[in-house]
2 protein chains.
Amino acid sequence: MVASLVGDPARANMLTALMNGRALTASELAQEAGITPQTASSHLAKLEAGGLVEPEKQGRHRYYRLTDDDVAGVLEGLAGLAARTGHMRVRTGPKDPALRRARICYDHLAGDLGVQMLDSLRERHLVRQRKQEIELTAEGERFLAKHLQISPDMLSHPRRPVCKACLDWSERRHHLAGTLGAAMMQRFAELKWAARDPTPGSRVVNFTRTGEKQFAALFGK
Amino acid sequence: MVASLVGDPARANMLTALMNGRALTASELAQEAGITPQTASSHLAKLEAGGLVEPEKQGRHRYYRLTDDDVAGVLEGLAGLAARTGHMRVRTGPKDPALRRARICYDHLAGDLGVQMLDSLRERHLVRQRKQEIELTAEGERFLAKHLQISPDMLSHPRRPVCKACLDWSERRHHLAGTLGAAMMQRFAELKWAARDPTPGSRVVNFTRTGEKQFAALFGK
DNA sequence: TTCATGCTTCGATGGTAGCCGAAGCATTGG
DNA sequence: CCAATGCTTCGGCTACCATCGAAGCATGAA
């Protein structure tokens, strides 16, 4: 039955991550759901059998996307019912406040600060976002070069987009992914504004005091 | 989470039994689901907590009904997905012939007549459908103004689309949703072509004799 | 009051399914 | 070739939850 597929928290998180219409790899989905790749593989097989997602092989990756808009529509309907009764999903994002504030999503910044950063970029017309597509403006290129020493040619990649909207796990809004998102996160680390938590496997990103200030100066509200 | 509530087979059977809009007692639902009253009681408590059903005490009986048409609509959507992949439960769609012919889905017309209507609109180029997206043509606007006194400005809504394809529970094909679908259903009622069945909670839509004729004249094959 | 009916609560049980470690394929890159 | 990466399969463990028997309330009838 379809409903039981959506009913499991891990699968629900995967489906939510796919709600922006983009395809994600199995391991990305595993990370989103907070489970190991083995478990994710099992879940994805079930979702595929149930017709909720469709796989697409590409090299050694397996991209998954929602089958079509009907699936997305039903998921929205369910979310609507859940919101109405206050019975939001069981596992809505991480509990840990540090994780909610700033964490690594694949290789870029996520959490409250990640969402805030994209908000700021958009508001100041450094990027242009239409639906899920994000484009760097000329102004944006100048901004990156000036403040973060990031040039456009560092960002080109055969298969990966420069900008990409990534649905934030805890905030349920977009943050910036793509090669630009990764480059910015890397730059933050190089500038010693922030660093991944040394705990093995932790996704928390700790900002230094000066890093916090600089970040706020560039992307603050 | 709502989906996990619907996911359990016993609860799904109960909800299916309630899909015709009538209220059933706890023991009737237990029998429908093939479980003992104790188990049913536990399930019904959960469904009530999840906002899917509402109880009504009457003597020593406890009648349960679906909370509202939104719930029914989401269940239809799930059933539609399930039907599509062949992962159907017991029977496809409602048993009641009246319900199969014409019923309310959220706020628009569903069932045989609903599907027939969208078929007709598409065939006569009054709407243009590409995948799940439906668009009203200029011809279509003239048609609506002339025959149903519906003007485009009545249909605009900040967040809801004018036209939308909704997967039909019993027919497994699309019918027309969106503000236009709602407006048309409302107009049918105002013109006394059709009315929702007076039985409390029933989702059946009864067409009058003249309504049937007029509908057939506009949307007949 | 006493009994019968309808439903709920409690406690114990069992089956199912999610989960991860380890190992096995497949693809890419050197 | 070999090594690394991404994903899957297998096996065993564990936790959850649906299920039912028994007992407890409530309502209505005699």
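Predicted, not measured: the structure shown is a model, and the values here were computed from it. First the proteins, then the strands, lettered A, B, ... as listed; each starts at 1.
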Gap between atoms [atom1] and [atom2], on [X] and [N] respectively (whole Å):
{"X": "B:Met1", "N": "D:dC17", "atom1": "CE", "atom2": "P", "answer": "15 Å"}
{"X": "B:Lys46", "N": "C:dT9", "atom1": "NZ", "atom2": "P", "answer": "12 Å"}
{"X": "A:Leu47", "N": "C:dA17", "atom1": "CG", "atom2": "P", "answer": "15 Å"}
{"X": "B:Leu29", "N": "D:dT19", "atom1": "CG", "atom2": "P", "answer": "14 Å"}
{"X": "B:Glu28", "N": "C:dG6", "atom1": "CD", "atom2": "P", "answer": "10 Å"}
{"X": "A:Arg62", "N": "C:dT28", "atom1": "CZ", "atom2": "C1'", "answer": "17 Å"}
{"X": "A:Asp8", "N": "D:dA15", "atom1": "CG", "atom2": "P", "answer": "17 Å"}
{"X": "A:Tyr63", "N": "D:dT8", "atom1": "OH", "atom2": "C1'", "answer": "18 Å"}

Would you say the side-chain atoms of A:Tyr63 and A:Arg65 include a donor-acceptor pair closer than 3.5 Å?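 No, because no side-chain N or O of A:Tyr63 sits under 3.5 Å from a partner of the opposite role on A:Arg65.
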Between A:Ser120 and A:Glu123, is there a side-chain donor-acceptor contact under 3.5 Å, judged purely by atom types and distance?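 Side chains of A:Glu123 and A:Ser120: no pair found under 3.5 Å.
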With a cut-off of 3.5 Å and sequence neighbours excluded, list every side-chain donor-acceptor pair involving residues 146-154 of chain A.
from     : atom 1 : to       : atom 2 : distance (Å)
A:His147 : ND1    : A:Phe143 : O      : 3.3
A:Gln149 : OE1    : A:Arg187 : NH2    : 3.2
A:Gln149 : NE2    : A:Lys146 : O      : 3.3
A:Ser151 : OG     : A:Asp153 : OD1    : 2.5

List, with names and distances, any nitrogen or oxygen atoms from the protein found under 3.5 Å away from nitrogen or oxygen atoms belonging to nucleotides 27-30 of chain D.
none

By the 4.0 Å heavy-atom rule, please label B:Tyr64 as base, sugar-phosphate, or nothing.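 Sugar-phosphate, no base atom in range.
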Return a table of donor-acceptor pairs under 3.5 angstrom between the side chains of residues 38-54 of chain A and protein atoms on other chains or two or more places apart.
from    : atom 1 : to      : atom 2 : distance (Å)
A:Gln38 : OE1    : A:Thr36 : OG1    : 3.1
A:Thr39 : OG1    : A:Thr36 : OG1    : 3.1
A:His43 : ND1    : A:Arg11 : NH1    : 3.1

Any ion pair linking B:Arg62 and B:Glu28 (charged N to carboxylate O, less than 4.0 Å)?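 Salt bridge flag = no for B:Arg62 with B:Glu28.
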Under 4.0 Å from any atom of DNA chain D, heavy atoms only: list the residues of residues 37-45 of chain A that qualify, in numerical order.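 Residues of residues 37-45 of chain A that come under 4.0 Å of DNA chain D are, in numerical order, A:Pro37, A:Gln38, A:Ser41.
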What residues form a ring-ring contact (aromatic ring centres under 6.0 Å, His included) with B:Phe207, not counting sequence neighbours?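 With sequence neighbours excluded, B:Phe207 shows a ring-ring contact (aromatic ring centres under 6.0 Å, His included) to B:Phe215, given in chain and number order.
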A:Glu212: what forms a salt bridge (charged side-chain N to carboxylate O under 4.0 Å, His left out) with it, not counting sequence neighbours?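 Residues passing salt bridge (charged side-chain N to carboxylate O under 4.0 Å, His left out) with A:Glu212: A:Arg101.
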Using side-chain heavy atoms (C-beta onward) and a distance below 4.5 Å, is A:Leu29 in contact with A:Leu18?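 Yes, their side chains come closer than 4.5 Å.
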[X], nearest nucleotide to its side chain (from [options]):
{"X": "A:His61", "options": "C:dC19, D:dG6, D:dG21", "answer": "D:dG6"}
{"X": "B:Ile35", "options": "C:dC19, D:dT19, C:dT8", "answer": "D:dT19"}
{"X": "A:Arg11", "options": "C:dG21, C:dG18, C:dT8", "answer": "C:dG18"}

Is it true that, when you exclude A:Glu141 itself, more than 12 heavy atoms of the residues, nucleotides or ligands shown sit nearer than 6.0 Å to its CD?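 Counting other residues, nucleotides and ligands, CD of A:Glu141 exceeds 12 neighbours.
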Reckon A:Thr36 has a side-chain N or O less than 4.0 Å from the OP1 or OP2 of C:dC20?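 Yes.
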